[in-house]
Structure formats: C-alpha cells, structure tokens
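Residues: numbered from 1 along the sequence shown.
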Amino acid sequence: MWRYCLRRILQLIPIIIGVSFLIYFLMDIAPGDIVLLKMGDNNMTAEQIEALYEQYGLNQPLPVRYLKYMGRLLQGDLGISQATGEPVMDMFMARIGSTARLAIASVLVSIIISIPLGIISAVHDGTVIDNVASFGTLLGLSIPNFWLGLVLIIVFSLKLGWLPSNGDDGTIKSLILPAITIGTSLTAALGRTTRSSMLDVIHQDYLRTVRAKGASEKIVIWKHALKNAMIPILTVAGEQFAGVLGGSALTETVFAWPGTGRLLIDSINGRDVTTVTGLLILKTLIGSVIILIVDLLYAAVDPRVRARFANSGRRKKK
C-alpha cells in the first residue's frame with residue numbers, strides 16, 4: 001500500500017509542471033496585464049511604466065519567468081501576490097477554512113438527498129416512483145448554480161429574512177444557502193451513480209441467500225446491498241468534495257463567500273499570475289490527495305480490494 005501511495009504522489013510531479021505552465025501561458029496570452037490595470041487612468045511616464053514591468057518581472061520572456069517561478073516552487077515558495085503583496089500561501093490559508101466548511105456542508109446535502117433517492121429509484125426500478133426519484137436528482141443538475149443562489153437569496157433573505165444573504169460569519173445560518181445551492185447541483189451525479197450501482201448488486205445471488213435466511217428487506221438493502229455498491233458512490237462523492245474544496249467560484253461570488261474560489265476569480269480579473277498559478281497548484285494537490293484517500297477507503301469497504309493490496313505487497317517482497 002505504501003508503494004502505491006508513493007507512486008501516486010510521484011505522479012503529481014508532471015501534473016503540477018503541466019498545470020503551472022498552462023496557467024502561465026494562458027495568463028500571458030490573455031489581453032491586458034497587471035501593469036495596465038494599475039495604471040488605470042493615471043498619466044504615467046514611459047520610465048514609470050517600464051519600472052512597473054521590471055518590478056513584476058514582466059519585461060522578461062515567458063520561459064525565464066516560468067523557470068524562476070518553478071525554482072521558487074521547488075523550495076516550497078508559492079510566491080508573492082502581484083496585486084496585494086501578500087504571500088500566496090498566507091492568502092490561501094486565510095480562506096481555506098471557509099471553503100472547507102462549505103465543501104463539507106455541500107457534500108453532506110448531496111449525500112442526504114441523492115443516496116436515499118438513488119436507493120429508492122433502484123428498488124422500484126421502472127415504476128412511477130423510479131421516474132419521480134430520477135426526475136428529482138436530474139432537476140438539481142438542470143438548475144444553474146448562480147440562478148438557484150439568487151432565488152434562495154430573494155426568498156429566504158430578502159422576503160422572509162430568515163437567513164443571511166452573504167458572507168461567512170462562522171455560524172450555520174450563513175452556511176445554509178450556499179451549501180444548498182452547491183449540494184443540489186451535486187445530487188444528479190451521485191444519485192444516478194447510487195441507482196446504477198445498486199441495480200448492479202440488488203438482484204445478485206448472495207442477496208437472495210440473505211433473503212432466504214429471513215432477513216428483512218430493509219436489512220438486505222441498507223446493510224448488504226448498499227455496502228457492496230459503495231465503491232462507485234465513494235468515488236463520485238470524493239470527486240465532488242475535491243471539486244468543491246478547490247473552490248466553487250460562481251457560488252462563492254453570488255454569496256460573497258470569502259473562499260478560495262472567489263479569491264481565484266478576483267486574481268484572474270486582476271491578472272495576478274502568481275496567485276492564480278499558486279491557487280491552481282494547491283487545488284490540484286488537494287484534489288489528488290483526496291482522490292488517493294478515497295482509493296484507500298475502497299479497502300475499508302471491500303475485502304477484495306484489501307486482498308489485492310496484500311497480494312501486491314507479497315509479490316513485491318518476493
């Protein structure tokens with residue numbers, strides 16, 4: 001298992017190199033730069049403009065700037081924000097707490113809605129109940145995040161005054177609307193995966209044996225069938241958590257949520273190449289680590305995966 005983890009971590013190296021270079025290249029060919037934004041309507045001399053380009057290193061060719069950035073990155077330095085002058089890592093750490101809270105709450109909303117709907121849909125396959133449950137999961141996918149967020153703000157904040165409409169004050173109330181907005185959009189994928197996975201196991205012979213021993217249908221479904229259907233469900237839930245933890249830009253912008261997604265959008269608009277690159281590298285690392293953890297969780301829910309890890313380790317020793 002340790003060899004597997006090490007191999008997965010080493011695979012991140014080319015991914016990080018590719019992500020960082022791609023961001024540097026795309027930000028370089030995008031119209032405008034941070035110097036032009038800072039100039040604004042100010043009348044600056046050619047010498048002052050040249051000094052700004054030199055200050056930000058933009059007077060150097062793209063390959064030179066990229067290699068210098070990678071040299072600092074190898075030392076664990078994500079650089080200094082060109083817009084604020086703060087270390088990128090400090091900016092990230094100041095916001096990751098809010099994003100993590102939102103990610104956990106959103107995935108919980110998705111799990112609470114989609115897994116029961118997926119199981120109900122599989123148990124009543126082909127019936128009206130199945131069609132209604134499937135429609136419910138797909139409805140979340142069809143509604144755009146920003147539109148749902150605005151509707152929730154209008155209804156529950158402006159009209160009813162029950163919940164805050166923006167910001168993170170550290171309470172559950174401020175978390176409810178953005179979590180529902182993101183969570184409902186995640187229900188379709190997780191609900192359909194749950195239904196499909198349950199259909200694969202629900203009519204298998206070992207469940208007939210369990211039923212023949214007198215177990216109730218509730219125990220058959222929730223204890224035996226769901227456990228054996230968990231691997232695809234874990235995969236999708238893990239990917240969703242990794243995606244939201246990387247920052248949900250639209251939702252965080254609508255709710256003025258002080259997370260990494262909003263910071264990324266602000267940095268892109270401000271042509272802050274250093275911050276954008278650092279944030280996306282961190283997002284890639286976090287996503288890869290979470291997917292690795294999900295892979296290891298397979299062994300906890302499926303004895304066959306544990307046996308495969310054990311057999312792999314024995315072969316390596318031989």
Side-chain angles (χ1 to χ4, degrees), residues 16 19-20 23 27 78-112 140 143-154 156-157 163-187 189-190 236-291 293-294:
I16 291 173
V19 167
S20 58
I23 296 306
M27 293 292 286
L78 288 172
I80 304 296
S81 169
Q82 295 170 325
T84 66
E86 300 177 66
V88 174
M89 180 58 79
D90 290 350
M91 297 170 66
F92 175 81
M93 294 304 295
R95 293 173 178 255
I96 188 60
S98 292
T99 296
R101 290 175 61 240
L102 181 58
I104 293 170
S106 301
V107 173
L108 282 176
V109 169
S110 174
I111 289 172
I112 291 170
I143 300 175
N145 270 16
F146 68 90
W147 183 84
L148 177 60
L150 292 173
V151 170
L152 292 176
I153 288 173
I154 292 170
F156 293 100
S157 295
L163 298 168
S165 61
N166 59 74
D168 177 16
D169 59 10
T171 64
I172 294 178
K173 275 190 171 183
S174 65
L175 192 62
I176 292 175
L177 294 186
I180 291 175
T181 300
I182 298 175
T184 52
S185 69
L186 303 177
T187 56
L190 190 56
V236 174
E239 290 174 351
Q240 290 179 342
F241 180 66
V244 182
L245 191 58
S248 299
L250 280 176
T251 303
E252 290 185 9
T253 301
V254 169
F255 288 95
W257 190 263
T260 57
R262 188 180 175 200
L263 176 60
L264 179 61
I265 292 297
D266 292 342
S267 300
I268 292 173
N269 291 334
R271 297 296 186 270
D272 189 348
V273 179
T274 305
T275 303
V276 172
T277 307
L279 290 176
L280 289 176
I281 287 174
L282 289 169
K283 178 176 180 177
T284 302
L285 286 173
I286 290 172
S288 300
V289 169
I290 290 174
I291 297 303
I293 292 172
V294 170

Can you give me the closest heavy-atom contact between Ile286 and Ile96, atom names plus distance? CD1-CD1, 4.5 Å

One should read off an interatomic distance between Ile16 CD1 and Leu285 CG, to the nearest 0.5 angstrom, of 4.0 Å

Close side-chain approach of Val88 to Ile80, heavy-atom, < 4.5 Å: no

With a 4.5 Å limit on heavy-atom distance, are the side chains of Trp257 and Ser174 in contact? yes

Nearest 0.5 Å, what's the CG-CG distance between Leu264 and Asp272? 10.5 Å

On a heavy-atom basis, the closest approach of Thr260 and Thr99 is N-OG1, 2.8 Å

Could you check if a side-chain atom of Ile104 sits within less than 4.5 angstrom of a side-chain atom of Phe241, using non-hydrogen atoms only? yes

Show the nearest heavy-atom pair for residues Asn166 and Ala256, with the distance to one decimal. CB-CB, 3.7 Å

Which is it for Phe255 and Thr181 under the side-chain contact (heavy atoms from CB on, under 4.5 Å) test, yes or no, and what are the steps along the way? CA-CA 10 Å; Phe255 288 95; Thr181 300; 3.5 Å; yes

Spacing of Leu279 atom CG and Met89 atom CE [to the nearest 0.5 Å]: 10.0 Å

Any side-chain heavy atom of Phe92 sitting closer than 4.5 Å to one from Leu78? no

Distance from Glu239 atom CD to Leu186 atom CG, nearest 0.5 Å? 11.5 Å

Heavy atoms only: give me the nearest Ile180-Leu148 pair and the separation to one decimal. O-CD2, 4.4 Å

Roughly how far, to the nearest 0.5 Å, is OG1 of Thr274 from CD1 of Ile23? 12.5 Å

Are side-chain heavy atoms of Leu102 and Glu252 found at a separation under 4.5 Å? yes

Donor-acceptor pair, distance only, cut-off 3.5 Å: does the side chain of Ser157 make one with the backbone of Ile154? no

Restricting to non-hydrogen atoms, name the atom on Ile182 and the atom on Thr251 that form the minimum distance, rounded to 0.1 Å. CG1-OG1, 3.5 Å

Any donor-acceptor pair under 3.5 Å linking the side chain of Thr187 with the backbone of Thr184? yes

State, to 0.1 Å, how close Met91 and Ser81 come at their nearest heavy-atom pair, and which atoms those are. SD-CB, 3.6 Å

Using only atom types and a distance under 3.5 Å, with no angle test, would you say the side chain of Thr284 pairs donor to acceptor with the backbone of Leu280? yes

Applying salt bridge (charged side-chain N to carboxylate O under 4.0 Å, His left out), name anything that partners Arg101, two or more places apart in sequence or on another chain. Asp168

OG on Ser98 to CG on Leu175, rounded to 0.5 Å: 9.5 Å

